Chemist: 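Please find one structure pasted underneath; my questions will follow.
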Amino acid sequence: MAKVDTSSSRPYHIVIFGASGFTGQFVVEEVARIVSEGPNGTLKWAVAGRSRQKLDKVLEQAAGALGKPELRTAVEVIVADVGEPDSLAAMCKQAVIVLNCVGPYRFWGEPVVKACVENSAHCIDICGEPQFLESMQLNYNSQAADKGVYIVGACGFDSIPADMGVLYTREQFKGTLTAVESFLTASTGPEGGSINDGTWKSAIYGFADSGKLRSLRKKFGHKPLPVVGSKIKRRSALFYSNEVQQYAVPFMGADPSVVKRSQRFLLEEHQETPVQYGAYAGVGGVANIVKMLFAGMMFWFLVKFDFGRNLLIKFPEFFSFGFFSKDGPTRKQMEGSSFQFVFYGEGYTEGQDPSQGRPNAKIRTLVQGPEAGYVTTPIAMVQAAITILNEPTALPKKGGVYTPGAAFSRTTLVERLNKHGIQFSVI
């Protein structure tokens with residue numbers, strides 16, 4: 001049995017590891033905003049990372065941004081380094097949950113998972129790297145189950161909106177939902193927008209290692225998920241989408257693999273009909289397509305070679321037409337940015353046999369929210385942690401390595417997100 005111990009045996013409900021990183025600083029601010037949502041109306045928390053000086057600076061910055069001068073002295077600083085296992089163990093022993101913000105996870109993630117499992121701390125990350133997420137499941141699921149520890153990956157923009165969006169769509173559908181397609185669009189304000197190059201690095205290493213992901217998946221020995229209803233049709237690599245009124249491409253992130261893992265868990269543990277899933281992203285008009293094709297060709301060529309990867313890492317702005325940058329977005333850019341996921345689902349009404357004939361009902365739902373990388377991601381990550389702390393009996397009975405959908409399908413996470421600006425609705 002898994003156990004979430006919020007009594008006084010551990011000094012902190014939450015420790016934010018990597019708090020001085022680009023995303024980590026915004027996770028610190030989000031935790032500081034919601035301390036009243038902790039167990040019994042209070043949250044005990046600390047920040048952790050390699051440099052005490054940088055962590056102090058992040059707390060100073062958060063104190064100024066939120067008008068909370070007490071953050072400078074009231075929040076404990078823990079020095080811990082992924083290269084020093086003893087320091088990670090000491091950190092994990094003090095935390096009920098570790099929020100791991102140190103990426104790329106393929107390089108720095110496993111020591112944190114290992115330390116959490118060995119020292120009985122739950123762990124949440126914001127990883128969008130399928131290879132890391134699935135290798136942690138393969139290598140640590142049984143140990144986490146033995147220890148009663150929850151390791152929940154992909155709890156940021158990758159992949160809470162998609163994974164919980166599919167579950168929300170199924171919940172709202174009156175009957176048996178059999179297939180969902182999602183269409184992601186993002187918008188920026190007059191200041192434009194960009195993404196910190198940490199995400200760019202993860203993509204570079206992910207594409208370079210795509211062959212390893214295929215061999216990793218074979219080790220699970222999974223049978224294909226059963227197809228209920230009409231088989232979902234795969235769209236082409238570039239197409240005009242009537243759904244979002246612009247050109248679209250298959251979504252290249254972790255969402256499809258995360259959703260599939262959730263559907264497998266819900267089939268095996270709760271005998272729920274698996275939902276087929278296709279994920280797409282709108283890319284705009286013809287000018288954007290030309291840029292994307294040019295950048296894509298350079299990326300695919302360079303990512304195959306060491307010298308090419310080094311070039312891509314050194315000059316993210318040039319090779320991504322400014323989409324990624326070493327500085328990431330400014331606060332003004334973040335304020336003007338937002339995202340929308342529209343989910344188109346189909347299935348069979350109550351009383352209809354899914355094995356007979358074509359689906360006879362449709363549903364359309366929407367998940368929308370603020371800027372994806374550094375506003376939505378901290379909200380999603382922190383609310384996932386708050387859900388674990390406050391709703392332990394609604395979580396899976398056993399510990400293990402879980403997707404958001406597997407961990408939170410029986411909780412009120414969607415309602416919590418709704419209250420914090422990530423809106424789920426039927427349209």
Side-chain angles (χ1 to χ4, degrees), residues 18-30 49-51 54 57-58 61-62 65 101-108 125-129 156-158 161 184-208 249 251-254 281-285 287-303 305-340 369-381:
S20 59
F22 192 83
T23 309
Q25 64 185 321
F26 297 111
V27 174
V28 168
E29 291 179 18
E30 186 58 28
R50 285 183 301 177
S51 164
K54 285 183 182 176
K57 191 179 169 189
V58 162
Q61 204 175 293
C101 303
V102 180
Y105 290 89
R106 68 178 53 247
F107 299 130
W108 317 118
D125 70 45
I126 44 177
C127 178
E129 306 163 43
F157 179 72
D158 292 310
L184 167 66
T185 53
S187 59
T188 55
E191 302 279 328
S194 72
I195 298 174
N196 178 257
D197 71 335
T199 305
W200 174 250
K201 287 175 187 169
S202 296
I204 290 165
Y205 294 118
F207 281 107
V249 295
F251 184 67
M252 304 298 281
V283 293
N288 282 359
I289 289 168
V290 171
K291 277 190 201 173
M292 189 187 73
L293 289 174
F294 186 63
M297 282 190 293
M298 283 198 295
F299 186 92
W300 282 112
F301 173 71
L302 292 170
V303 82
F305 310 102
D306 280 342
F307 84 90
R309 288 193 288 275
N310 290 335
L311 278 175
L312 289 168
I313 287 165
K314 199 170 181 185
F315 305 107
E317 277 185 84
F318 175 77
F319 287 110
S320 70
F321 287 97
F323 196 66
F324 293 91
S325 74
K326 288 184 184 290
D327 297 328
T330 63
R331 287 184 186 257
K332 250 204 161 122
Q333 286 176 323
M334 287 174 0
E335 282 166 21
S337 300
S338 61
F339 78 89
Q340 281 199 338
E371 189 276 338
Y374 313 105
V375 183
T376 287
T377 286
I379 291 169
M381 183 184 217

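The structure presented is a predicted model; accordingly, all values stated were derived computationally and were not measured.
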Chemist: List for me each residue that meets salt bridge (charged side-chain N to carboxylate O under 4.0 Å, His left out) alongside Glu129, sequence neighbours excluded, and say none if there are none.
Modeler: Arg106

Chemist: Among residues at least two apart in sequence or on other chains, which ones pass salt bridge (charged side-chain N to carboxylate O under 4.0 Å, His left out) with Lys326?
Modeler: Asp197

Chemist: Looking only at non-hydrogen atoms, find the nearest pair between Val58 and Gln25 and report the distance.
Modeler: CG1-CA, 4.2 Å

Chemist: Heavy-atom count around Phe294 CZ within 6.0 Å, excluding the residue itself: above 12?
Modeler: no

Chemist: For Lys201 and Pro104, which heavy atoms make the closest approach, and how far apart are they?
Modeler: CB-CG, 4.2 Å

Chemist: Give me the atom names and distance for the closest heavy-atom approach of Ser325 to Glu317.
Modeler: CB-CG, 3.5 Å

Chemist: Which residues satisfy the side chain to side chain contact (heavy atoms under 4.5 Å, CB included) test with Val249, sequence neighbours excluded?
Modeler: Leu238, Val283, Met292

Chemist: Can you tell me how far apart CD1 (Ile126) and OG1 (Thr376) are? Round to the nearest 0.5 Å.
Modeler: 12.0 Å

Chemist: Under the ring-ring contact (aromatic ring centres under 6.0 Å, His included) rule, collect the residues that match up with Phe299, sequence neighbours excluded.
Modeler: Trp200, Phe207

Chemist: Could you pull out the closest heavy-atom pair between Pro161 and Gly156, with the gap in Å?
Modeler: CD-O, 3.6 Å

Chemist: Can you list the residues that meet the side-chain hydrogen bond (donor to acceptor under 3.5 Å, both in side chains) rule with Gln340, with sequence neighbours excluded?
Modeler: Gln368

Chemist: Say you draw a straight line from OG1 of Thr377 to CD of Glu30; how long is it, rounded to the nearest 0.5 Å?
Modeler: 11.0 Å

Chemist: Rounded to the nearest 0.5 Å, how far apart are CZ of Phe324 and OG1 of Thr199?
Modeler: 6.0 Å

Chemist: Identify, with sequence neighbours excluded, every residue that meets ring-ring contact (aromatic ring centres under 6.0 Å, His included) alongside Phe339.
Modeler: Phe157

Chemist: Got a second to check how far Ile204's CD1 is from Leu312's CG, nearest 0.5 Å?
Modeler: 4.5 Å

Chemist: Under 4.5 Å between any side-chain heavy atoms of Thr23 and Asn196, yes or no?
Modeler: no

Chemist: Does the plane of the ring in Tyr374 sit parallel, tilted or perpendicular to the ring in Phe26? Use 30° and 60° as the thresholds.
Modeler: tilted

Chemist: Quick one: closest heavy-atom pair of Ile379 and Pro370, and the distance?
Modeler: CD1-CG, 4.3 Å

Chemist: With a 4.5 Å heavy-atom cut-off, do Ile313 and Tyr205 have their side chains touching?
Modeler: yes

Chemist: Applying side chain to side chain contact (heavy atoms under 4.5 Å, CB included), can you list everything that pairs with Lys57, at least two apart in sequence or on another chain?
Modeler: none

Chemist: What residues, two or more places apart in sequence or in another chain, satisfy ring-ring contact (aromatic ring centres under 6.0 Å, His included) together with Phe315?
Modeler: none

Chemist: Sorted by first residue and then second, give each salt bridge (Lys or Arg N to Asp or Glu O under 4.0 Å) pair with at least one member in residues 330-340; sequence neighbours left out.
Modeler: Glu29-Arg331

Chemist: Could you tell me if the side chain of Ser194 sits less than 4.5 Å from the side chain of Pro329, heavy atoms only?
Modeler: yes

Chemist: Kindly give the heavy-atom pair with the smallest separation between Trp108 and Gly103, and that separation in Å.
Modeler: CD1-O, 3.4 Å

Chemist: Can you name the salt bridge (charged side-chain N to carboxylate O under 4.0 Å, His left out) partners of Asp306, sequence neighbours left out?
Modeler: Arg309

Chemist: Only counting residues at least two apart or in another chain, list the ones meeting side chain to side chain contact (heavy atoms under 4.5 Å, CB included) with Arg50.
Modeler: Asp81

Chemist: Could you check whether any side-chain heavy atom of Phe305 comes within less than 4.5 Å of a side-chain heavy atom of Asn310, counting everything from C-beta outward?
Modeler: no

Chemist: Sequence neighbours left out, what passes ring-ring contact (aromatic ring centres under 6.0 Å, His included) with Phe323? Give chain and number order.
Modeler: none

